[in-house]
Amino acid sequence: MRPLTEEETKTVFAKLANYCSDLKSLIAPLDDGDRYVLRLNHARVYYVRLSIANIATSVARDQLLSLGTCLGKLTKTGKFRLHITALPILAENARHKIWVKENGAQPFLYGSNVVKAHVGRWSEDCPEHSGCVVYSMADIPLGFGVTARSTAEARRLDPIGIVCFRQADNGEYLRDEDTLFAG
Amino acid sequence: MGITKTIKNKHAANKSGIKGSKAARGERGGVADGVIKAKKNGTKSKTPINTKGRPNIADILKKRKQRTYTEKELGIPEVNKITPVGVAKPKGKKKGKVFVDDRESMTTILAIVQAEKEGQIESKMIRARQMEEIREARKAEAEAKEAERKARLDETKDSLRKKRKRPNTGRDKDGDGDADVRSLASTGSKATKPKNGKKRVSFAAPDE
């Protein structure tokens with residue numbers, strides 16, 4: 001386990017900035033004097049309290065399975081891929097949101113893209129190909145994706161037209177159980 | 001200079017002594033080291049005398065041999081090297097990664113990244129809005145054109161209708177068309193000879 005280099009930190013923050021509007025709150029100091037830091041172990045980036053990260057140094061690197069919140073994985077080409085485990089952090093201050101109806105929640109959780117017919121409502125002024133968090137109508141975050149059309153274009157779209165390309169959904173906790181935390 | 005003097009003296013001493021004496025022979029041939037040393041000293045001593053006041057050639061040669069060229073001075077093309085361009089690591093640089101763990105540097109990176117992203121998203125939105133405006137304008141233009149076309153079509157239709165209507169109304173007013181049809185219906189299509197048109201032949205009466 002080690003802190004991230006400057007380049008890695010930039011990559012991670014750039015990816016998070018696609019989905020979150022306010023990133024400063026992520027690393028803001030907490031009331032008890034502690035703060036959150038980013039740590040890398042087995043190519044996975046963890047968002048963890050500094051005090052916990054310091055305690056975790058007593059565990060050998062190959063023995064350490066996980067700590068804090070796993071944000072995603074750094075690929076060998078230097079890119080960063082967000083995992084579904086980062087959803088609580090993204091949902092807290094999402095830049096763009098899409099709410100899906102009851103009939104659209106299940107297809108999305110099974111790995112489908114969001115079609116226009118399933119959209120209950122969406123945030124205004126959303127450009128295409130920008131990150132958005134998908135919620136149920138009861139404001140429960142279901143996953144996140146990338147918008148296929150801008151809000152104005154999506155209005156003219158036919159009901160079976162894709163509005164949002166899925167990136168990750170809560171169904172992955174079951175579908176990718178084996179590879180989500182290790183391997 | 002001192003060395004040369006001693007050598008000269010040595011030779012002089014040998015020559016000056018009895019030639020055939022054992023002692024002299026023994027000194028010359030028996031003690032080889034001494035002779036060689038004397039010769040060596042002699043050869044060495046000659047060079048400085050000859051090159052008095054000039055730079056030493058041997059020294060110059062040595063200096064030339066010591067000269068080593070750097071890779072830049074040689075001007076070897078970069079592609080032609082054994083190690084690829086990207087692989088060679090700069091010398092004198094710290095080995096290993098530089099971690100970012102303090103809050104200040106993290107905040108700085110975050111601010112830079114966020115500003116960059118905001119700019120990108122903003123420009124994207126502006127572009128999207130502009131595109132939307134253009135699309136709206138085009139749509140309005142197309143609608144206007146369509147309306148104009150339709151109006152022209154209607155006008156042409158009306159004019160055609162009017163053209164067709166005029167001769168009909170004229171006939172109706174005269175009542176010719178209807179009268180013809182009625183007469184035809186009542187009399188049938190057989191042509192009847194008019195009574196007035198009957199040919200009559202009259203002969204002139206003969207005079208008595």
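Computed from a predicted model, the values in this text were never measured in an experiment. To find a chain, count down the sequence lines: A is the first, B the second, and so on, and within it residues start at 1.
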Which value, rounded to the nearest 0.5 Å, describes the distance between [X] atom [atom1] and [Y] atom [atom2]?
{"X": "A:Lys10", "Y": "B:Ile112", "atom1": "NZ", "atom2": "CD1", "value": "6.0 Å"}
{"X": "A:Lys24", "Y": "B:Thr107", "atom1": "NZ", "atom2": "OG1", "value": "8.0 Å"}
{"X": "B:Phe99", "Y": "A:Thr5", "atom1": "CZ", "atom2": "OG1", "value": "7.5 Å"}
{"X": "B:Gln114", "Y": "A:Cys20", "atom1": "CD", "atom2": "SG", "value": "9.0 Å"}

key: Salt-bridge contact B:Glu104-A:Arg35 (side-chain N to carboxylate O under 4.0 Å)   = no
ask   = Where does A:Glu128 contact chain B at under 4.5 Å (heavy atoms): side chain, backbone, both or neither?
value = backbone
request  = Check each atom of A:Leu26 against the heavy atoms of chain B and say whether the ones under 4.5 Å are side chain, backbone, both or neither.
outcome  = neither
More than 12 foreign heavy atoms under 6.0 Å from [atom1] of [X]: is that the case here?
{"X": "B:Arg149", "atom1": "CZ", "value": "no"}
{"X": "A:Arg2", "atom1": "CZ", "value": "yes"}
{"X": "A:Arg149", "atom1": "CZ", "value": "no"}
{"X": "A:Tyr173", "atom1": "OH", "value": "yes"}

ask   = Passes side-chain contact (heavy atoms from CB on, under 4.5 Å), A:Glu6 versus B:Ile109? Steps please.
value = CA-CA 8 Å; A:Glu6 194 176 330; B:Ile109 292 169; 3.5 Å; yes
key: CA sep, side-chain torsions, deciding dist, call: A:Arg39, B:Asp101, salt bridge (charged side-chain N to carboxylate O under 4.0 Å, His left out)   = CA-CA 9 Å; A:Arg39 288 285 181 271; B:Asp101 204 23; 3.0 Å; yes
query = Which atom pair, heavy atoms only, marks the closest approach of A:Ala17 to B:Lys117?
reply = CB-CG, 3.6 Å
ask   = Between B:Arg129 and A:Asp125, which heavy-atom pair has the shortest distance, and what is it?
value = NH2-OD2, 2.9 Å
Among [options], which residue has the highest count of heavy-atom pairs closer than 4.5 Å to chain B?
{"options": "A:Ala14, A:Ser130, A:Cys126, A:Ala28", "answer": "A:Ala14"}
{"options": "A:Glu7, A:Glu153, A:Glu8, A:Arg95", "answer": "A:Arg95"}
{"options": "A:Val37, A:Asp22, A:Asn18", "answer": "A:Asn18"}

query = What's the verdict on side-chain contact (heavy atoms from CB on, under 4.5 Å) for A:Leu38 and B:Met106, showing C-alpha distance, side-chain angles and the deciding distance?
reply = CA-CA 10 Å; A:Leu38 297 171; B:Met106 261 178 110; 4.1 Å; yes
inquiry  = Quick one, A:Arg155 with B:Glu132, criterion salt bridge (charged side-chain N to carboxylate O under 4.0 Å, His left out). Give me CA distance, side-chain angles, the key distance, then yes/no.
reply    = CA-CA 12 Å; A:Arg155 280 204 192 97; B:Glu132 194 60 32; over 6 Å; no
ask   = Taking every heavy-atom pair that is under 4.5 Å apart, which of B:Lys124, B:Arg103, B:Met131, B:Gln120 has the most such pairs with chain A?
value = B:Arg103
message = Can you tell me which portion of B:Glu118 sits under 4.5 Å from chain A's heavy atoms? Options are side chain, backbone, both or neither.
response = side chain
request  = Check the pair A:Ile27, B:Leu110 against side-chain contact (heavy atoms from CB on, under 4.5 Å), reporting the backbone distance first and the verdict last.
outcome  = CA-CA 9 Å; A:Ile27 54 163; B:Leu110 199 141; 3.7 Å; yes
